[in-house]
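The structure appears below as structure tokens.
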Amino acid sequence: MTALRVLVVDDDFMVARVHRKFVERVPGFEVVGEARTGTEAIDAVRELRPDLVLLDIYLPDMTGLEVLRSLRAATDPVDVLVVSAARDLETVQEAFRGGAVQYLIKPFTAEAMRDRLTEFQRRHRSVQSAVAGSGEMAQREVDALFGAASAARRPSDAELPKGLTVQTLQLVGSALRSATSDEGATLSSAECADEVGLARVSVRRYLEHLVTTGHAEVSLRYGRAGRPERRYRWVG
């Protein structure tokens, strides 16, 4: 199958190169160009015809959201994966409403990028299969396109211990997974709380739930005095 073509858009030269390397590690993808501004991004999409754009929000001439709206309004719209340090609710919602297929908060790991690209590849193949066939899609293919199948496997708030929510569980789990992707790396509840911006006591409840359900493991780090520190690691 032909490799999916990716355009990297980031005003920071070094960051763009890191993202390029992340993409090129994933089988089935190739980076066809880089852009430093919103205007360059729009022109590059028109010229290079990529399948996917990795788009930063903070650009020198316009916001990534403005670029997103322009790209999605084109005659032949391209898919966009937002990669940005912007994590405020308004920006994330605008990206979702604007048609972004995914949103990755910087900094992130190569593994996190691989997961998003693999998911995009799966959806892209579902569409291409329908185009090559009757032009119609079965329910399973529609589910794959919208991510309904994976969403159906996620727990509901009612299935979690009292006081825990799915959204916060996913936030804590994502932070733990990213922080402990390197072999031997662990995270304390205090460090995780700083990462996600929540109270330590609340975050520890989520971490302990992940341990209980087998998604994380815990170890003890002994200091010179006092109780040992509980250190967590994502195990999948």
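- The same ILVMFWY cluster, assembled from side-chain heavy atoms under 4.5 Å apart, contains both L198 and V166.
- The OG1 atom of T37 sits 11.5 Å away from the CG atom of D10 when rounded to the nearest 0.5 Å.
- V15 and F29 end up in different hydrophobic clusters when Ile, Leu, Val, Met, Phe, Trp and Tyr side chains are linked at under 4.5 Å.
- If you chain together ILVMFWY residues whose side-chain heavy atoms come under 4.5 Å of each other, F13 ends up grouped with M14.
- We find the CG-CD distance between L59 and E66 to be 9.5 Å, quoted to the nearest 0.5 Å.
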- Query: How far apart are the C-alpha atoms of V196 and T168, what are their side-chain angles, what is the distance that settles it, and do they pass the side chain to side chain contact (heavy atoms under 4.5 Å, CB included) test?
  - Reply: CA-CA 9 Å; V196 300; T168 304; over 6 Å; no
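- At least one side-chain heavy atom of I42 sits under 4.5 Å from a side-chain heavy atom of M62.
- Taking 4.0 Å as the cut-off between side-chain N and carboxylate O, R36 and D12 do not count as a salt-bridged pair.
- Within the model, atoms CG of L55 and CG of L65 stand 8.0 Å from one another, a figure rounded to the nearest 0.5 Å.
- The nearest pair of heavy atoms linking A35 to L7 is N-CD1, 4.4 Å.
- You'll find the side chain of V82 reaches within 4.5 Å of the side chain of I57, heavy atoms only.
- Salt bridge absent: E208 and R205 never bring a charged side-chain N and a carboxylate O closer than 4.0 Å.
- Heavy atoms from other residues, nucleotides or ligands lying under 6.0 Å from CZ of R49 number 12 at most.
- Side-chain contact between V92 and I105: absent, with no pair of heavy atoms (C-beta onward) separated by less than 4.5 Å.
- The hydrophobic cluster containing V78 also contains Y103, counting ILVMFWY residues as joined when their side-chain heavy atoms lie under 4.5 angstrom apart, directly or transitively.
- Between E34 and A16 the shortest heavy-atom distance is OE1-CB, 3.8 Å.
- In terms of modelled atom types and a separation under 3.5 Å, the side chain of R5 and the main chain of L48 share a donor-acceptor contact.
- Remark: V235 engages E217 in a side-chain contact (heavy atoms from CB on, under 4.5 Å) (not counting sequence neighbours).
- Considering only heavy atoms from C-beta on, T186 comes within 4.5 Å of R221 through its side chain.
- The heavy-atom pair separating R72 from G98 by the smallest distance is CG-O, 3.2 Å.
- Y206 places a side-chain N or O within donor-acceptor distance of the main-chain N or O of T165, the cut-off being under 3.5 Å.
- Side chains of V101 and E119 form no contact here, defined as non-hydrogen atoms less than 4.5 Å apart.
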Which atom pairs, donor and acceptor, lie under 3.5 Å between side-chain atoms of residues 171-180 and protein residues at least two apart or in another chain?
| from | atom 1 | to | atom 2 | distance (Å) |
| --- | --- | --- | --- | --- |
| R177 | NH1 | D115 | OD2 | 3.4 |
| R177 | NH2 | D115 | OD2 | 2.5 |
| S178 | OG | S174 | O | 3.1 |
| T180 | OG1 | L176 | O | 2.7 |
| T180 | OG1 | W234 | N | 3.2 |

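- The two residues R233 and D182 have their closest heavy-atom pair at NH1-O, 3.0 Å.
- Contact detail for A112 and L104: the closest heavy-atom pair is CB-CD2, 4.1 Å.
- Under the 4.5 Å side-chain criterion, counting only non-hydrogen atoms from C-beta, R204 is in contact with Y232.
- Expressed to the nearest 0.5 Å, how far CZ of R69 lies from OG1 of T63 amounts to 6.0 Å.
- Salt bridge absent: E24 and K21 never bring a charged side-chain N and a carboxylate O closer than 4.0 Å.
- At least one donor-acceptor pair closer than 3.5 Å links the side chain of D61 to the backbone N or O of T39.
- Linking ILVMFWY residues whenever their side-chain heavy atoms come closer than 4.5 Å, directly or via other members, leaves V9 and V26 in distinct clusters.
- When every heavy atom of D56 is checked against every heavy atom of Y58, the shortest pair comes out as OD2-O, 3.3 Å.
- Distance check, rounded to the nearest 0.5 Å: CG of L54 to NE2 of H19 gives 8.0 Å.
- For the residue pair R200 and S189, a side-chain donor N or O sits within less than 3.5 Å of a side-chain acceptor on the partner.
- Note that NE2 of H215 is 7.0 Å distant from NE2 of H209, once rounded to the nearest 0.5 Å.
- Grouping the Ile, Leu, Val, Met, Phe, Trp and Tyr side chains by contacts below 4.5 angstrom, directly or via other members, places V53 apart from V23.
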